Peer 1: 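Take this structure, written in structure tokens, and hold onto it; I'll ask about it next.
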Amino acid sequence: MTPAPEELPSSPAQEALWWIQHRAERKDLYNLTWRLRVTRLDRAALAAAWRLVVDRHEALRTGFARRGEAVVQLIHATGEGTLQEVGWDEAPGGRTPEALLDDVAAQFHAAPFDLESVPLARLALVTAGPVEELLVTVHHSILDGWALQLVMDDLKAAYEAVLERGPGLDAAQVFPEAAVPYREFGQQARTGPQAVSDRAFWTGQLRGVKAAALVPDGPSGTHSSGAALRHRLSGGARAAVAAVAERVGCTAFAVQLAAVRAVLARGGAPGRTALGVVVANRMSPEDQRRVGYCANTVLLPDAVTDGEGFDDVVGRARDGLWGSLPYQHVGFSEVFAELSAEDRAALGSTPPVLITHHGGIGSGLSLGHEPAQLLPSPSTSARCQLLVGIFEEVGIFEDGEHTVLEIEYDTDQLRESTVRAFLNDIESVLLASASPGVLVRDLQVSSRAAAGVPALPQSAAAPERAPSSDEPAADVLAHWRRVLGTDVHMDDDFFDTGGHSLQVLELVALVETNTGRQLDVAEWLDDPTPRRMAELLAPAGADAPGSGPAVTRDSGPVTMREGEPGGPHLHLVHGAGVGRIPYRALVDALPADWRVTVSEDDGADATTVEAMAERYLEPLLSEGRLPDLLGGWSMGGLLAHAMAAGIKRRGHRCPPLLLLDSPTPGAFSDPGRGDLDAFARNVLRAADAAVRPPDRLRLEQRAERGIGVLTALLRAAGGEAPTEALHARYTLHARHVAAMSRYRDAAVADAPGLLVAADLTDEDVARWQRLFTTEPVTVRLPVDHYALLRGDAVRQVADLVAELLPATVR
């Protein structure tokens, strides 16, 4: 039995991050990802090494939970350190390996963490042909950059030990020295006279101070969208930093901090302003060996004037850093709570501009005997307006060391050109500072800045949204053209134009986001044209042309084609995780007089094959006449076979059964076939993706993490599907697969049958033949499971249905 986790108080910084996580719309705000270019890693050894590292460090086995008004650490005795894999043995066609890896890294980074579940860290090996990357993502509440460097050093040691001595090692055999625990640091005293005095230092420093920030290019968004840029300082700028540091007697970081402050002051942020500085907060050798979240944000104020020298600004930056050192442990959230209302409004709960010195963190990494190069952050969220990270790249390049500025910025506020101009201004200020005695007024910058929390510019327009007119036909056509990549007209059928089921998800999300209205997808699928979509999106009460009266939809079968009076009636049942869409090509290939209806899963709580079969059978019986032919593709055939038993129990004669590559009862030994790996492969195959499914795909079973990777794979395949929609589809898929895994004792069907096999094995076919009183007609087509309902194969299926069962159908 797994022991309950130990509960301890969280640190102030951890508690603040917990509250931000739960209140923010973007749940990846405080994800930290290192994207490392690596070479020829041994996957088994890497997986074993990661487990050893998780076992070693308490922080990697720590989660968080709310207890009343407090947030506590949940320290688990063990944690599942698993290696995820996504890989193609050969680079997929249509995109460069690097572009594909960019998408995978961004989605992997963006997948949120459940802060109560451990580990709050994940490791993935992603390969595309010859290009290999290691993605390490952690939540900031357990690790900061310094701690992540220590974890990577331990991963290197563990990896080399496993390669040399085999996978059967425990953490003590690899790491003879025990890890320095984080818990003592996390339980620092937060009350008492000293704590009050420490907070008073900051409230005094920040009295009457305003935040410094760039003037936004546009209105601040609500989604905290972000991007990252990198800028390598020129050799001249690096030499200038060294020269100023020697003149003033300070670190390179003090010079760089002063340069950022000077750019903002010269750009229009006058008076006493503050910059946020992220500090490592490791005051002792023990702290420097500690793996956990020790970092903190402090606000350093200063007033830059035009008539002073740049060296004076550098000197005050040096003094501010040194003077704050005894107080850098005080969490900014604690300080902010004690500021006056006026000061809080002037500074903001999150400093708009943050700067942090990473030093050599991320440099000189290796795994085995191969170097690991740290690539730019894949983050697409923004914690503030600008976060300036300064890296000293050591031991990577043959031409020596380099200083790199990496800026994460809020794309809702700032254009890329604005951020690049800001980086160029920093470069030019540093170059100018090489000359002793240069005055602030001599520094030329193009950036526009202001004192105070950034406000919307007077000319800022509202965020762009497609017009929501009474007749949104033009907007609908524009969305269709964007999704399908081709010209369309008002009466074009979505699927005849080349659309597939996943593009339905993309299109619906696009029109709902841009119109602010919800589309009745089931109603639209009866007539999947732009005209019908525009009618359904029209405002309530509007006289949309041809809209007619509102249709009330019940839970009965959906009619895909009315057919002709007296014509054959084919009733189909949905496959696993999908509805009627896969059947469209089959319906089109059948003779025009056929009526076709479909049972779709309406989200009811039926969780077994038997319960679903009963639910779908009742509406058919209530019509007074059973269909002439009953069947389905994949799970749909299995459900149709189960419905046959219900028909017999009620004393009716069962119509012929059509089984299109349907799994046999008992084919699923356990629900594992419904996991994310299988779902991802199925989705890619169903979308007829131009990029083939990965050769290696092992994702975590937590859907919120793996679905993000699937989103990247779909984008690589040239498609797009909203993560939320994929998650809902996966939930349905998993419920269906779980139901099939429990279905084993099927009755023998007393009805003729047609079995069309594609991926079914000969053993599967033989088992199906034993589940009919009269052996069904069996045809094997040389296609896979998904191709059975497309192209020439589906036309062959339609011919088989019409030709092999004419007597019973007619």
Side-chain angles (χ1 to χ4, degrees), residues 32-38 136 143-153 156 228-263 275-282 285 287-289 294-298 300 314 317-318 320-322 325 328 353-367 371-377 379 386-408 422-431 433-434:
L32 170 64
T33 294
W34 277 12
R35 182 182 175 190
L36 301 165
R37 184 65 51 81
V38 293
V136 189
L143 297 181
D144 52 29
W146 186 300
L148 187 51
Q149 174 80 48
L150 299 177
V151 166
M152 294 307 298
D153 290 343
K156 175 180 183 292
L229 287 178
R230 276 194 165 190
H231 174 86
R232 181 186 292 178
L233 289 183
S234 65
R238 277 180 53 85
V241 169
V244 175
E246 184 175 358
R247 280 201 312 264
V248 178
C250 65
T251 63
F253 180 57
V255 182
Q256 295 151 352
L257 174 60
V260 172
R261 192 183 296 283
V263 170
L275 287 180
V277 179
V278 182
V279 293
N281 209 10
R282 285 170 165 82
D287 286 343
Q288 292 169 13
R289 298 194 306 274
C294 302
N296 189 28
T297 297
V298 299
L300 298 182
V314 175
R318 172 201 61 200
L321 288 166
W322 280 106
L325 205 57
Q328 289 184 359
V353 178
L354 284 170
I355 182 169
T356 182
H357 187 254
H358 297 290
I361 291 174
S363 293
L365 296 172
S366 65
L367 280 171
Q373 180 186 354
L374 183 64
L375 300 177
S377 168
S379 175
L386 285 172
L387 173 57
V388 184
I390 302 174
F391 293 87
E392 303 296 340
E393 294 184 330
V394 181
I396 296 178
F397 303 101
E398 294 181 359
D399 57 343
E401 300 179 6
H402 294 281
T403 300
V404 173
L405 307 185
E406 181 173 280
I407 290 191
E408 293 182 15
F422 178 71
L423 287 166
N424 290 334
D425 284 343
I426 294 173
E427 171 92 19
S428 65
V429 165
L430 291 174
L431 287 170
S433 71

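Being a predicted model, the structure only gives us computed values, none of them experimental.
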Peer 1: Pick out which of Leu321, Val279, Leu275 makes a side chain to side chain contact (heavy atoms under 4.5 Å, CB included) with Val298.
Peer 2: Val279

Peer 1: Ile426 vs Gln256, test: side chain to side chain contact (heavy atoms under 4.5 Å, CB included). Steps then yes/no.
Peer 2: CA-CA 8 Å; Ile426 294 173; Gln256 295 151 352; over 6 Å; no

Peer 1: Out of curiosity, Glu427 CD to Leu423 CG, how far, rounded to the nearest 0.5 Å?
Peer 2: 9.5 Å

Peer 1: Quick one: CG on Leu233 to NE2 on His402, what's the gap to the nearest 0.5 Å?
Peer 2: 11.0 Å

Peer 1: Taking atom NE2 of His231 and atom OG1 of Thr403, what is their separation to the nearest 0.5 Å?
Peer 2: 10.0 Å

Peer 1: Say whether, by atom type as modelled, one donor and one acceptor occur between the side chain of Asn296 and the main chain of Asn281 under 3.5 angstrom.
Peer 2: no

Peer 1: Check Glu408 against Ser379 and note the closest heavy-atom contact, atom names and distance.
Peer 2: OE1-OG, 4.0 Å

Peer 1: Listed by chain and number, what are the side-chain contact (heavy atoms from CB on, under 4.5 Å) partners of Thr251, not counting sequence neighbours?
Peer 2: Phe253, Ala254

Peer 1: Taking all heavy atoms of Arg318 and all of Gly249, pick out the closest pair and write down the distance.
Peer 2: CD-O, 3.3 Å

Peer 1: Given Val277, which of Leu300, Thr356, Leu354 fulfils the side chain to side chain contact (heavy atoms under 4.5 Å, CB included) condition?
Peer 2: Leu300

Peer 1: Please check this pair: side chain of Trp146 against backbone of Ile361, looking for a donor-acceptor N/O pair closer than 3.5 Å.
Peer 2: no

Peer 1: Does the side chain of Ser363 pick up a donor-acceptor pair with the side chain of Glu392 at under 3.5 Å?
Peer 2: no

Peer 1: For the residue pair Ser234 and Leu431, what are the closest heavy atoms and their distance?
Peer 2: OG-CD2, 4.0 Å

Peer 1: Check this for me, if you would: do Arg230 and Glu393 make a salt bridge, where the nitrogen-to-carboxylate-oxygen distance has to be below 4.0 angstrom?
Peer 2: yes

